[in-house]
Amino acid sequence: MGVKRGCSSVNCYPLPLILSRRGRGNFTFAKVSTMKGLYFVTDRGLCGEKPLAEVVLQAVRGGAACVQLREKNVSTDFFVEEASRIKALIAPYGVPLIINDRIDVALAVGADGVHVGQEDMPYGIARRLMGPKAIIGLSVETWEDVEQAQGLDCDYLGVSPVFATPTKTNTKEPWGLEGLAKIRAVSRHPLVGIGGLNAGNTEAVVMAGADGIAVVSAICASPDPYAAARELDEIIRAALAKRVLLREK
């Protein structure tokens with residue numbers, strides 16, 4: 001299957017995803033590969049007058065390999081309806097939908113996975129409810145979190161926050177590049193960095209050990225979400241390739 005970037009066709013799939021056919025028209029995701037690349041996290045407020053669904057679509061067309069739908073101030077009914085729409089919107093592109101925190105919503109719409117924080121539902125319960133094939137990410141905010149995660153079969157760790165950010169106000173001290181590199185040196189999981197990330201610091205974060213880059217305002221607040229996503233995607237790809245070359249030397 002050929003891979004095309006910056007394409008509006010429903011047959012264009014993001015490069016970081018490895019897909020396999022299962023039955024008619026269904027896909028299973030190679031979960032580890034899914035966590036390499038641009039990870040888009042939604043924020044309705046930061047989208048301004050831009051419809052959230054349109055921002056999501058432009059982010060995916062620009063290169064987002066994963067979409068996390070995060071809603072903190074809407075009703076369950078609204079969240080379920082919205083998640084269903086977003087899932088249908090991005091499914092033709094082969095991009096998985098991750099629901100932030102709300103396992104009930106994820107189950108209701110058949111989302112590809114959930115992301116849970118340290119104060120959300122315990123990982124073990126989340127895995128039991130979601131099943132072995134679901135993508136489940138876990139936030140790590142302290143070194144103790146990292147050590148405890150070593151014994152878990154989560155699909156990735158959300159290193160949060162890498163830098164200080166106004167979109168995540170209830171977190172611990174930022175990890176910084178040194179903290180991220182320390183986690184990379186010991187963790188067996190794919191790492192997704194989040195918090196204060198943008199086109200200006202993404203390369204450094206990937207070089208420090210992040211496999212995926214999660215952004216919120218860098219896309220939501222951009223006047224051109226497609227262009228913002230495409231720029232970030234290109235930076236991430238180049239940095240991942242550079243990292244591989246350095247390891248081979």
Side-chain angles (χ1 to χ4, degrees), residues 25-29 31 34-35 38-60 64-141 145 149 152-158 160-161 165-171 192 194-195 212 214-221 225:
N26 294 322
F27 295 100
T28 55
F29 293 93
K31 297 193 290 185
T34 302
M35 294 306 113
L38 178 58
Y39 186 125
F40 175 46
V41 182
T42 69
D43 187 310
R44 178 180 304 280
L46 289 175
C47 289
E49 296 182 357
K50 301 185 297 292
L52 180 63
E54 182 61 24
V55 173
V56 169
L57 183 59
Q58 292 305 315
V60 168
C66 187
V67 172
Q68 181 189 132
L69 187 59
R70 183 169 69 179
E71 292 285 10
K72 298 296 185 181
N73 301 301
V74 300
S75 69
T76 298
D77 181 62
F78 181 92
F79 201 166
V80 169
E81 290 184 2
E82 177 185 60
S84 295
R85 289 193 298 270
I86 297 298
K87 183 174 184 290
L89 184 69
I90 66 177
Y93 294 86
V95 173
L97 175 65
I98 308 297
I99 301 296
N100 177 267
D101 182 20
R102 296 290 301 274
I103 293 176
D104 57 334
V105 174
L107 290 171
V109 303
D112 300 289
V114 294
H115 183 89
V116 293
Q118 292 296 322
E119 297 182 359
D120 297 329
M121 184 175 291
Y123 172 78
I125 298 176
R127 175 59 73 190
R128 186 168 72 247
L129 292 172
M130 292 294 297
K133 294 182 179 180
I135 300 170
I136 302 184
L138 177 67
S139 293
V140 290
E141 299 179 354
D145 295 341
L152 303 177
D153 62 343
C154 50
D155 297 292
Y156 69 93
L157 300 182
S160 173
T165 171
T167 64
K168 295 180 72 67
T169 58
N170 60 340
T171 55
V192 175
I194 187 171
V215 298
V216 185
S217 59
I219 291 178
C220 287

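Since the structure is predicted, the reported quantities are computational estimates derived from the model, not experimental observations. Atoms considered below: every heavy atom in the structure, side chains included; atoms not considered: hydrogens, waters and symmetry mates.
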Straight-line distance of Ile194 CD1 to Ser139 OG, nearest 0.5 Å: 7.5 Å
Non-neighbouring partners of Lys50 that pass side chain to side chain donor-acceptor pair (under 3.5 Å), sequence neighbours left out: none
ring-ring contact (aromatic ring centres under 6.0 Å, His included) partners of residues 94-137, not counting sequence neighbours, each pair once: His115-Tyr156
Leu138 versus Ala149, closest heavy-atom pair with distance: CD2-CB, 4.3 Å
Point-to-point distance, once rounded to the nearest 0.5 Å, from CG of Asp120 to CD1 of Ile103: 8.5 Å
Nearest heavy-atom neighbours spanning Phe40 and Val216: CE1-O, 4.2 Å
Enumerate, atom names and distances included, each donor-acceptor pair closer than 3.5 Å involving a side-chain atom of residues 74-81, sequence neighbours excluded.
unit_1 : atom_1 : unit_2 : atom_2 : d
Ser75  : OG     : Phe78  : N      : 3.1
Thr76  : OG1    : Arg102 : NH2    : 2.8

Interatomic distance, Asp155 atom CG to Ile135 atom CD1 [nearest 0.5 angstrom]: 6.5 Å
Which atom of Ala111 lies closest to which atom of Ile99, heavy atoms considered: CB-CG1, 3.7 Å
Student check: side-chain heavy atoms of Val56 and Thr42 closer than 4.5 Å: yes
Nearest-0.5 Å distance, CG of residue Leu152 to CZ of residue Arg127: 10.0 Å
NZ on Lys87 to CG on Leu89, rounded to 0.5 Å: 12.0 Å
Approximate separation, where rounding is to 0.5 Å, of Asp153 CG and Ile136 CD1: 7.5 Å
Residues forming a side chain to side chain donor-acceptor pair (under 3.5 Å) with Gln58, sequence neighbours excluded: Glu54
With Asp145 via side chain to side chain donor-acceptor pair (under 3.5 Å) - residues at least two apart: Thr142
4.5 Å side-chain heavy-atom contact, Glu71 and Leu52: yes
Close side-chain approach of Val114 to Met121, heavy-atom, < 4.5 Å: no
Heavy-atom pair with the smallest gap, counting every atom of Asp112 and Val95: OD2-O, 4.4 Å
Heavy-atom pair of closest approach, residues Ala83 and Leu97: O-CD2, 3.6 Å
Shortest non-hydrogen separation from Ile98 to Cys66 and the atoms involved: CG1-SG, 3.5 Å
Pairing residues for Ala218 by the side-chain contact (heavy atoms from CB on, under 4.5 Å) criterion, not counting sequence neighbours: Val215, Leu232
Lys72/Asp43 ion pair, N-O < 4.0 Å: no
